[in-house]
Amino acid sequence: QSKPQARVDGSTGVCFADVAGIEEAVDELQELVRYLKNPELFDKMGIKPPHGVLLEGPPGCGKTLVAKAIAGEAGVPFYQMAGSEFVEVLVGVGSARIRDLFKRAKVNKPSVIFVDEIDALATRRQGIFSESTNYLYNAATQERETTLNQLLIELDGFDTGKGVIFLGATNRMDLLDPALLRPGRFDRKIRIRPPGAKGRLDILKVHARKVKMSPTVDLSSYAQNLPGWTGAKLAQLLQEAALVAVRRGHESILQSDVDDAVDRLTVGPKCVGIELG
Ligand code: ATP
């Protein structure tokens, strides 16, 4: 049993222009694109290939998006799995999936492997178990450790798999097993921060290109007035505004449509009052 397999995108079609508000991270990640485009050059120059890169930050701020953009910019296949897909009680299944994932990515190198929620497969041991759960706990722990060991082996053996970049993403760095964070495994940790006002405006502009927006809409007022909104929520805002505009028969999205969408995403859809009695 070695299902499920990684989802593969021959080309993600995502590029850095689709990512906004996290310029520092993007700058650092450009080097991976250069490497993927020409791994032989790095080899010739005696530059050690990067092993793994950990993207860390809160949900919805663009970790998956930026990982896809790296593959998209380099024009290489993107192998994606979630950490939870490696977690099985049957011993050996998770590690077989890891082996399979790296094998497939190496066959099609240069390529990118992306494991979201990597904390699910690489959690440090908790040491909490009782008499009754002892057996199950041990089986699950043993399986998780075997899986994690396999991941470490694959990362350590990356010199032989030149041209493959491993990206992991987490919003719970504190849960990760320290073995994974040792030098030579995740060479780089890149923080993907929630956007500030300028970042929110840039994200809104990126997503405004994908819908029909009236030029009269003042996006900067939303960027200013929606602190704490992530890229995912801002993308959802403009999708919701487009739906409102269609419902109202507008030919493009107006400020009032975006206002309504903000209300809907903040407090939920308006209730129609029913008078009883
Ligand atoms: P999770 O931890 O929940 O997996 P994530 O950090 O991986 O979240 P993404 O899945 O990359 O977040 O973001 C979801 C969607 O939100 C993206 O596909 C994109 O449409 C939008 N988005 C998020 N961040 C950004 C950003 N920085 N720039 C542009 N769009 C963004």
Side-chain angles (χ1 to χ4, degrees), residues 4 6-7 9 11-30 32-33 52-73 78-87 112-123 165-176 180 186 188-213 219-220 222-224 226-243 253 258 261-262 264-266:
R7 290 165 295 286
D9 271 332
S11 165
T12 61
V14 179
C15 58
F16 284 140
D18 298 315
V19 186
I22 47 172
E23 286 74 16
E24 254 177 58
V26 168
D27 281 351
E28 261 197 271
L29 294 166
Q30 296 275 7
L32 300 184
V33 176
V53 177
L54 183 66
L55 304 173
E56 192 245 333
C61 291
K63 297 185 294 296
T64 307
L65 185 70
V66 85
K68 283 186 172 172
I70 293 168
E73 289 279 343
F78 183 75
Y79 292 80
Q80 178 175 7
M81 281 187 92
S84 53
E85 290 176 279
F86 297 97
V87 180
V112 172
I113 300 175
F114 176 64
V115 177
D116 199 4
E117 314 158 19
I118 193 157
D119 43 279
L121 92 97
T123 324
I165 296 278
F166 181 81
L167 297 167
T170 183
N171 44 46
R172 292 301 310 270
M173 180 99 144
D174 55 310
L175 293 182
L176 291 182
L180 197 62
F186 277 127
R188 275 190 243 148
K189 297 167 200 81
I190 296 183
R191 182 137 175 72
I192 308 289
R193 296 172 196 282
K198 160 111 182 27
R200 289 195 293 274
L201 178 58
D202 292 342
I203 292 171
L204 283 169
K205 284 182 182 164
V206 163
H207 289 278
R209 291 202 303 257
K210 301 175 187 167
V211 288
K212 193 148 187 284
M213 180 76 67
L219 290 177
S220 61
Y222 299 104
Q224 288 295 337
L226 298 174
W229 282 42
T230 61
K233 191 114 188 244
L234 294 167
Q236 195 192 353
L237 171 65
L238 295 196
Q239 283 297 306
E240 186 69 33
L243 286 172
I253 301 171
V258 188
V262 170
R264 284 169 170 269
L265 295 186
T266 320

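What you are looking at is a predicted structure, and each value in this text was computed from that prediction instead of being measured. What's counted below: heavy atoms across the whole structure, side chains too, no hydrogens, waters or symmetry copies. Each residue takes its place number in the sequence, starting with 1. Note that ligands are numbered from 1 as they come in the structure, with each ligand's atoms numbered from 1 the same way.
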Any heavy atom of [X] sitting closer than 4.0 Å to ligand 1?
X      : answer
Ala20  : yes
His207 : yes
Val206 : no

Test item: [X] and [Y] side chains (from C-beta on) under 4.5 Å apart, heavy atoms:
X      : Y      : result
Gln224 : Tyr222 : no
Lys212 : Ile253 : no
Leu167 : Leu32  : yes

Can you check whether [Y]'s main-chain N or O pairs, donor with acceptor, with [X]'s side chain at less than 3.5 Å?
X      : Y      : value
Glu240 : Val262 : no
Lys63  : Pro58  : yes
Arg200 : Thr230 : no
Asp27  : Glu24  : no
Glu85  : Ala82  : yes

- Selected option - heavy-atom contact closest to atom 21 (C) of ligand 1, from Ala25, Ala17, Gly60, Gly231: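 Ranked by closest heavy atom to atom 21 (C) of ligand 1, first place is Gly231.
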- Task: From the options Asp202, Leu55, Val66, Leu65, select the one whose nearest heavy atom is closest to atom 18 (O) of ligand 1.
- Result: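 Of the listed residues, Leu65 has the closest heavy atom.
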Return the residue, atom name and 0.1 Å-rounded distance of the protein heavy atom closest to [atom].
atom                    : result
atom 4 (O) of ligand 1  : Asp116 OD2, 3.3 Å
atom 16 (O) of ligand 1 : Ala232 CA, 3.1 Å
atom 2 (O) of ligand 1  : Lys63 NZ, 2.9 Å
atom 7 (O) of ligand 1  : Thr64 OG1, 2.7 Å

- Should you measure from each heavy atom of Asp18, which atoms of ligand 1 turn up under 4.0 Å away?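 Those of ligand 1 that fall under 4.0 Å from Asp18 are 28 (N), 29 (C).
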- For Asn171, counting its heavy atoms only, list the atoms of ligand 1 lying under 4.0 Å from any of them.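 Every atom of ligand 1 under 4.0 Å from some heavy atom of Asn171: 2 (O).
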Ligand 1 and [X], any nitrogen or oxygen pair closer than 3.5 angstrom?
X      : result
Ile203 : no
Gly21  : no
Pro59  : no
Ala235 : no

- Message: Testing Thr64, Ile113, Val112 one by one against Gln80 for a side-chain contact (heavy atoms from CB on, under 4.5 Å), which residue passes?
- Response: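 It is Thr64, the one option of Thr64, Ile113, Val112 that forms the side-chain contact (heavy atoms from CB on, under 4.5 Å) with Gln80.
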Side-chain atoms of residues 188-197: list all donor-acceptor pairs with protein atoms under 3.5 Å, sequence neighbours left out, distances to 0.1 Å.
residue : atom : partner : partner atom : Å
Arg188  : NH2  : Glu31   : OE2          : 3.4
Arg191  : NH1  : Glu56   : OE1          : 3.4
Arg191  : NH1  : Glu56   : OE2          : 3.4

